[in-house]
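Notes follow once the structure below has been shown.
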Amino acid sequence: MNGGDGFPDRRLAFCEEARDLLADLEAALLQLETDPRDEETIGRVFRAMHTIKGSGAMFGFDAVASFTHNIESAYDLVRSGRLAVNPLLISLTLAARDHILYLLEASVSGGPLRQAAGQTILDAIRDFVETGGAAFTAVATSPTAGEPAAVRNYAIRFVPPPGLFARGSNLLPLFDELRSLGDFTIVADTAAIPSLADFRPDHCYFSWDMRLRTTSSSEAIRDIFVFVDEGDCLSITEECPAAPSVESSPECAPVAISDGAGVGATARPTTSSLRVSAAKLDELINIVGELVTMQARLSRFAAQSGEIEIAHIAEETERLTGMLRDNTMSIRMLPLEATFARYRRLVRDLAGELGKEIELATEGGDTELDKSVIDQIADPLVHLIRNSVDHGIESPDERTRAAKPPCGRLVLSAAHSGSQVLIRVSDDGRGIDPARVRAKAIEKGLIDPHAELSEAEIFALIFRTGFSTAASVSSVSGRGVGMDVVKRNVEALRGTIDLTSTPGQGTVFTLKLPLTLAIIDGLLVRVAAQHFVFPVAQVLECLEANTADLHCGRREFIEVRGKLVPLIFLQRFFRLSSGPGVRAQILIAQTSAGNFGFVVDEVIGDHKTVIKQLGPLYRQVEGVSGATILGDGSIALILDSDRLAQSAVDESVRPAA
Amino acid sequence: MSKTILAVDDSASMRQLVSYTLRSAGFTVIEACDGQDALDKLDAPVNLVLTDLNMPRLDGLALTRAIRASADHRYTPILLLTTESEPARKLEGKAAGATGWLVKPFQPEQLLATIKKVLG
């Protein structure tokens, strides 16, 4: 690693690496707070700082290196057991970590180095080392006195002998015994299970792969299997100790973080990853989009030409293009884990600021979403979390009075639901009182005092512009951004947000997001001579009706199973003229303004397509969210049904001319 | 509910030692003085059979085979107590259907640890 000609590039590469290390450092510190004696985590913290210091000095980030050196010294004491970790040290180190990040940015952009701020942190840490070190030495030396036994990683594979169960053996106690030796993970291999006809109930078809991190010897492990091993059933291999680089150390597997550009790759011991800039991925998906279009043209031409050879090539190309498209999409998918990990810090800091105790639990962090969706969902989520921490979860005193545990619980969860991802932010706080929301809405003039609203309708008011029930504006959630902005951001992602709440028991916000922004599952429809793509996720049903049956008046309706659904004539909306058809097809769709029927001339069929953004000149066009290119080279606009419905509503309340 | 162990040994002192250790650890113990006696006493629900190898009338290996052939107890774990530690005997026990073994002389803790391995 030397400077040379590519020096500026390497500096940037270091910055990117350092950001990852800092993110990992933060995660490790938060983990260390829950388990202050975990040597592995302490090692991780130390290594992250060590790498930042070492590489920083190498690439001329002297301020970063010298500052980090001081913090690293403190953790050297921690690592050797002469200094114990407590929440104060964690807070100081987190502050130091932020300062390192600041120094890093400042070194690149040439900003001031804020030496005073850095010195304050260093002084505080020195004080801690001097006083805290003495006070805690006794505690720190107790867990592993003397020479610490070497911790080893074992990969264990156990393929049970066929007659295992017939001899009355039970494997569960063995696995429990292994678990008691250290960090233990086990995965069952079910590949050998035969079809039901060949299945023998007393035959063990499973085999298991285990990983064990322990100080025990491999003989001790073999000993556990002594009754069930018949010589060749068990293989135990010791894995090489973790290299000092953080990238490859196995313990950092669950918390890989990507902050700025680039793909955040989870550094698992068995997978290697590449760092690619996001711009390149965007470029790739664009090219794939073009290819899909071109391929559609080819298929069309092949079908028309009737030549078997060409049809064959077109078919093969179609298959490959589909694979390429799916593959490209999957490259852009990132687990939500990294995003969730960032909120851990947020919740910790906010709770501290407000004097609350809050535990953040995350579920489904492995759920994957398109990178662009993840990037754009981060801010709305921050807002929802702030909101829950500030308004939802009560202070420990208040919680105790309400017979709840003093520590509040905030759960961030993610799960797949069809082609969508559900993200939930739920708290066990005081909940939302519909009566208060109603009163506030009346006060703000959002609803009529006599309006009769269902609970869901009342909660929906929270997302209206100009609504905020917080009695006082606090530094945490009252930053002039309301829930209406959250809703708008989510809708811009073609997602929805809603909430349920039980007073006294908590609130749940549910975000429904598409897996990706680049591809839309649509219905291709024809209006006059124009083609449009309608988002299929919103379509409830397709109907056909005689144009004469559609009620006439200032606003037209169709009766669907006893309910009147307002109609929007796309032909009229886009001022497209065609001969008056006798029959019309109607898409009944769910929009943010209620159910609407969209009248088109023909529903052509399912159309999965790559979305092209409209040029800046056309961004303002109402009712259209993008465009796509069809197989014959013509353009189909993608309809924005929410906006269409909203404009229809606006029209109907406008006084008649 | 405490688990029931059938302890089979022709030596009364051995039975006593085993029973005492097991009862102290909270197990219910049924004693049998040989393999045949053990088969007769298997009517009661038994979670584990702990048997000596060399016994009059019906020895440990034959008892193991008999238990594995019975309808009710074919999956009951069986531990052999043996003075011989050579692999051949162990394999013979395994072939007969024994779940595990313990070499005499043993410490009470070893006995309990081995039982825990099998019963959980």
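Reminder, nothing fancy here: chain letters follow the sequence lines and each chain counts from 1.
- For chain A, the nearby part of B/Leu79 is the side chain; its heavy atoms alone come within less than 4.5 Å.
- Between B/Leu50 and B/Leu6, the closest side-chain pair of non-hydrogen atoms is not below 4.5 Å.
- Contact annotation: the side chain of B/Leu119 approaches that of B/Phe27 to within less than 4.5 Å [non-hydrogen atoms, C-beta and beyond].
- For the pair A/Val151 and A/Arg213, the minimum side-chain heavy-atom distance is below 4.5 Å.
- Atom SG of B/Cys33 and atom NZ of B/Lys41 lie 6.5 Å apart (nearest 0.5 Å).
- Contacts of A/Asp176 with chain B are absent, with no heavy-atom separation under 4.5 Å from either backbone or side chain.
- Residue contact with chain A, scored on non-hydrogen atoms closer than 4.5 Å, involves the backbone of B/Lys116 exclusively.
- Both the backbone and the side chain of A/Ile224 come within less than 4.5 Å of a heavy atom of chain B.
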